[in-house]
Q: 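Quick one: structure below, then a few questions.
Keep in mind that the numbers below use all heavy atoms, side chains included, and drop hydrogens, waters and symmetry copies. Here is the naming used below: chain letters follow the sequence lines, and residue numbers restart at 1 for every chain.
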Amino acid sequence: NAGVTQTPKFRVLKTGQSMTLLCAQDMNHEYMYWYRQDPGMGLRLIHYSVGEGTTAKGEVPDGYNVSRLKKQNFLLGLESAAPSQTSVYFCASKKGQGDQPQHFGDGTRLSIL
Amino acid sequence: KQEVTQIPAALSVPEGENLVLNCSFTDSAIYNLQWFRQDPGKGLTSLLLIQSSQREQTSGRLNASLDKSSGRSTLYIAASQPGDSATYLCAVDRGSTLGRLYFGRGTQLTVWP
């Protein structure tokens, strides 16, 4: 009964370092999303994917890259971390087009020093 | 661009009260509206999804209404309990193939015994 699993849960990076956040879902969902949540702001979409092998930019894509090589996994990469990327990152998945809710992971809390 | 506003930002009430949380959106051309619950340090849990053709949805003590023409939704919580303490987020789906959600900043609810 895992749903959407994000790893790691916490991470501290130094400016300029790189890292990859992993999102895995076991519900055979087609659509997957990466959001960031900052204090006093709503969730903002970084990148999304509507199927294996496809990705696209969301509202705030700069400084991030993504890959969806397998249907169940959606990776978010930071090539050169900046303090402005300190945030809580959420992955979500959705069955497909239509009136279905998005299912969220528990988030990754990332601090960039 | 779709703007989603939630009022109030925070609410503190004694146990047993009936509550109304408000959500407004600027573009009435929506596909559906979703209410989520977020507990501290956790991801989002979908509570209710109202399709654009519906007026309301109910789940247990929760009732959500939708008035597309006025750009408003309300979440009604009956007989509030301390376990209802959380942040409640409203999100609007504009209906593109992406299924992208536009989030409000949330209402932080505290129910004290």
Side-chain angles (χ1 to χ4, degrees), chain A residues 1-7 9-10 21 23-25 27 29-51 54-61 68 87-110, chain B residues 1-10 21 23-26 30-54 57 59 62 64 66 68 75 86-108:
Chain A
N1 200 23
V4 179
T5 303
Q6 293 185 233
T7 53
K9 296 187 185 303
F10 304 93
L21 281 64
C23 176
Q25 53 92 6
M27 298 172 283
H29 285 176
E30 289 292 335
Y31 289 15
M32 296 186 75
Y33 311 83
W34 276 106
Y35 295 91
R36 60 178 289 173
Q37 185 177 40
D38 301 293
M41 303 186 73
L43 277 76
R44 292 181 292 169
L45 183 66
I46 305 172
H47 285 279
Y48 64 94
S49 168
V50 296
T54 70
T55 64
K57 295 179 180 180
E59 182 184 1
V60 287
R68 182 113 181 258
S87 187
V88 182
Y89 292 85
F90 287 100
C91 176
S93 71
K94 181 170 176 273
K95 185 175 182 180
Q97 202 171 350
D99 286 317
Q100 297 111 18
Q102 290 188 17
H103 297 260
F104 282 77
D106 283 344
T108 294
R109 283 144 189 84
L110 184 61
Chain B
K1 182 183 175 184
Q2 179 72 267
E3 301 283 347
V4 181
T5 304
Q6 291 187 247
I7 295 174
L21 308 182
C23 173
S24 62
F25 45 94
T26 54
I30 65 170
Y31 190 60
N32 63 54
L33 184 143
Q34 299 175 41
W35 283 93
F36 293 88
R37 168 182 173 140
Q38 185 176 24
D39 293 288
K42 294 292 186 181
L44 281 66
T45 300
S46 179
L47 297 173
L48 291 165
L49 183 153
I50 311 176
Q51 298 174 4
S52 61
S53 59
Q54 296 176 322
Q57 278 283 346
S59 176
L62 304 179
L66 174 64
K68 276 182 55 178
L75 179 66
T87 296
Y88 290 81
L89 296 163
C90 166
V92 170
D93 184 343
R94 291 181 66 183
S96 67
T97 54
L98 160 64
R100 173 185 172 176
L101 295 178
Y102 293 81
F103 283 87
R105 297 181 183 183
T107 293
Q108 185 174 359

Q: What pair of heavy atoms forms the shortest contact from B/Gly43 to A/Phe90, and how long is it?
A: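 Here B/Gly43 and A/Phe90 meet closest at CA-CE2, 3.4 Å.
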Q: If we define contacts as heavy-atom pairs under 4.5 Å, which of A/Arg44, A/Glu59, A/Met41 has the most with chain B?
A: A/Glu59
Q: Indicate whether any N or O donor in one side chain lies under 3.5 Å from an N or O acceptor in the other, for B/Gln34 and A/Gln102.
A: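 Their side chains do not contain a donor-acceptor pair, so the 3.5 Å distance test is not met.
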Q: Quick check: does any side chain N or O of B/Thr107 sit under 3.5 Å from a backbone N or O of B/Pro8, one acting as donor and the other as acceptor?
A: yes
Q: Any idea which of B/Leu44, B/Thr45, B/Leu48, B/Leu49 has the most non-hydrogen atom pairs under 4.5 angstrom with chain A?
A: B/Leu44
Q: Side chain, backbone, both or neither: which part of A/Arg109 has a non-hydrogen atom closer than 4.5 Å to chain B?
A: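 Looking at A/Arg109, just its side chain touches chain B.
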Q: Less than 4.5 Å apart, side chain to side chain, heavy atoms only: is that true for B/Trp35 and B/Leu62?
A: no
Q: Measuring heavy-atom distances to chain A, does B/Gln6 have an atom under 4.5 Å in its side chain, in its backbone, in both, or in neither?
A: neither
Q: Between B/Asp39, B/Leu101, B/Leu89, B/Val4, which has the largest tally of heavy atom pairs under 4.5 Å with chain A?
A: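 Greatest number of close heavy-atom pairs with chain A: B/Leu101.
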Q: Give the ring-plane orientation class for A/Phe104 versus B/Phe36, where under 30° counts as parallel, over 60° as perpendicular and anything between as tilted.
A: perpendicular
Q: Please flag which part of A/Gln6 lies under 4.5 Å from any non-hydrogen atom of chain B: side chain, backbone, both or neither.
A: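 Looking at A/Gln6, nothing touches chain B.
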